[in-house]
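Every number for a ligand or one of its atoms is a count from 1 in the order of the listing.
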Amino acid sequence: MAKRRHNFNAGPAALPLPVLEAAQASLFEHGGAGAGILELSHRSADFEAVADDCRARIGDLYAIPDSHEVLFLQGGASLQFAMVPYNFGPGGAYIDTGTWSSKALAEARIIATAEGIWSSAEGGYRAVPEEHAQPKAPEGATYLHYTANNTIYGTEYHYVPEADAPLVCDMSSDFMSRPVDVSQFALLYAGAQKNAGPAGVTVLIIDKRYSRTFRGSPTVPKILRYKTQAEKGSMYNTPNTFGIFAVGQVAKWVQDHGGLEGMAKRAEAKAGALYAALDAHPLCTGHAVGHSRSRMNVTWRMQSEAQEAAFLAAAADAGMMGLRGHRSVGGLRASIYNAVEPASVEALIDLLARFEG
Ligand SMILES: Cc1ncc(COP(=O)(O)O)c(C=O)c1O
């Protein structure tokens, strides 16, 4: 335990200790199955129970209505950049709030027609649209795609966009961090490796009108159709069994800690304290504009790269990891996902208070 550092990685990222302990215990023998979790057939009743439990917990957390269902896929959020246009068809509208949404749009354009309708690229991706000035999808758009939390730039939507078109959301880096009415979405997807589990599993909450009816071209491979995956209970091919187990354990931990409301409070307290410390620090300037500040990834610059390097060195000495900003923004970034303990954020705030350049 002494060797574990304050983990501010952007993803894969910190996981709750009880999840690691449950994984450790299940590696050797899982729940009376006579074999470890990595050794169970995905077709066995023992693993079916693991997948059902994970689905049920996510269903409980988000109060998922009968109109929607949960899928567990692979290929990361990046595969969804392709699956969305393959399944929703041409004519998607995209809001560009940073690298991942630009990549989603670029991928869609390879597959079909898709239009960027708003971008904060010019200002260095410091903001998402303000709630009172939301970009509208053009008439006839087949879907509106946005990125709820921009991991690299540290910006986040604090509202669900109004959409005339079916709403599609990349929620990779703030999934399970606050309550959301999932009935507003045609699809939300999240690579699990930030807030929800390990790398290698993508969680989808999808409206059955899109998962049970295929609307794309007949040339789309079967494996890339939501319908194929939904009809096979996410087991058209061998799923990431261990990843699904771990996501279920994370969902259990979230349930045990006040559910999504509990996570929202925890996130607001941690992020609020860290932003207050940064705002008060003479050497620090936040990257995101006020209304767009992320509760998950806090990004900032110091006055010089030399100060930033000195701060990173001091942080490493103080037992911290993962604070270097993404190469496209530079500076510093603290990813303070659900599993990052308030004590780790307090340690970072203490270090900032002592740091004079
Ligand atoms: C918001 C967001 N979308 C998409 C991705 C890409 O995810 P993956 O590597 O799982 O494809 C990331 C990865 O950091 C992300 O933060």
Side-chain angles (χ1 to χ4, degrees), residues 7-15 71-86 92 94-108 110-111 114 116 119-121 125-129 144-158 160-161 167-178 180 185 187-205 224 234 239-240 242-244 246-247 250 267 287-288 292-299 322-329 333-340:
N7 186 344
F8 298 106
N9 281 341
L15 285 167
L71 301 181
F72 303 117
L73 303 185
Q74 299 175 66
S78 301
L79 183 61
Q80 295 313 305
F81 298 168
M83 282 182 80
V84 167
Y86 272 139
Y94 283 73
I95 300 175
D96 171 27
T97 49
T99 307
W100 299 113
S101 42
S102 316
K103 285 193 173 179
L105 172 58
E107 191 78 337
I110 292 173
I111 291 160
S119 176
S120 49
Y125 290 124
R126 287 167 198 274
V128 302
L144 175 67
H145 181 283
Y146 79 106
T147 310
N149 184 74
N150 299 280
T151 323
I152 292 176
Y153 298 92
T155 62
E156 185 179 16
Y157 278 78
H158 298 295
V160 173
L167 192 58
V168 175
C169 177
D170 176 356
M171 208 178 273
S172 293
S173 49
D174 64 354
F175 186 57
M176 286 200 205
S177 74
R178 63 167 143 220
V180 167
F185 295 85
L187 166 67
L188 68 86
Y189 61 89
Q193 69 272 21
K194 286 129 199 323
N195 255 338
V201 56
T202 313
V203 182
L204 281 72
I205 301 177
L224 298 179
S234 303
N240 179 348
F242 184 70
I244 294 169
V247 170
V250 172
H287 180 79
S292 297
R293 284 178 160 184
S294 167
R295 300 157 311 135
M296 300 285 114
N297 311 95
V298 177
T299 47
L323 287 166
R324 187 185 297 279
H326 188 273
R327 58 195 173 281
S328 52
V329 190
R333 168 175 61 174
S335 297
I336 51 172
Y337 300 122
N338 288 347
V340 175

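Judged as a side chain to side chain donor-acceptor pair (under 3.5 Å), and not counting sequence neighbours, the contacts of Ser172 are Asp170.
Residue pairs that meet the side chain to side chain donor-acceptor pair (under 3.5 Å) test with at least one member in residues 192-202, sequence neighbours left out, do not exist here.
Using a 4.5 Å cut-off on side-chain heavy atoms (C-beta onward), Tyr153 and Asn297 make no contact.
Within 4.0 Å of ligand 1, protein heavy atoms come from Gly76, Ala77, Ser78, Phe81, Trp100, Thr147, Asn149, Thr151, Asp170, Ser172, Ser173, Gln193, Lys194.
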Give every donor-acceptor pair under 3.5 Å between a side-chain atom in residues 74-83 and any protein atom, sequence neighbours left out.
from	atom 1	to	atom 2	distance (Å)
Gln74	NE2	Thr238	O	2.9
Gln80	OE1	Tyr226	OH	2.7

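Defined by atom type and a distance below 3.5 Å, a donor-acceptor pair is present between the side-chain atoms of Asp96 and Tyr125.
Partner Thr97 forms a side-chain contact (heavy atoms from CB on, under 4.5 Å) with one of Pro129, Ser102, Ser292 and no other, that one being Pro129.
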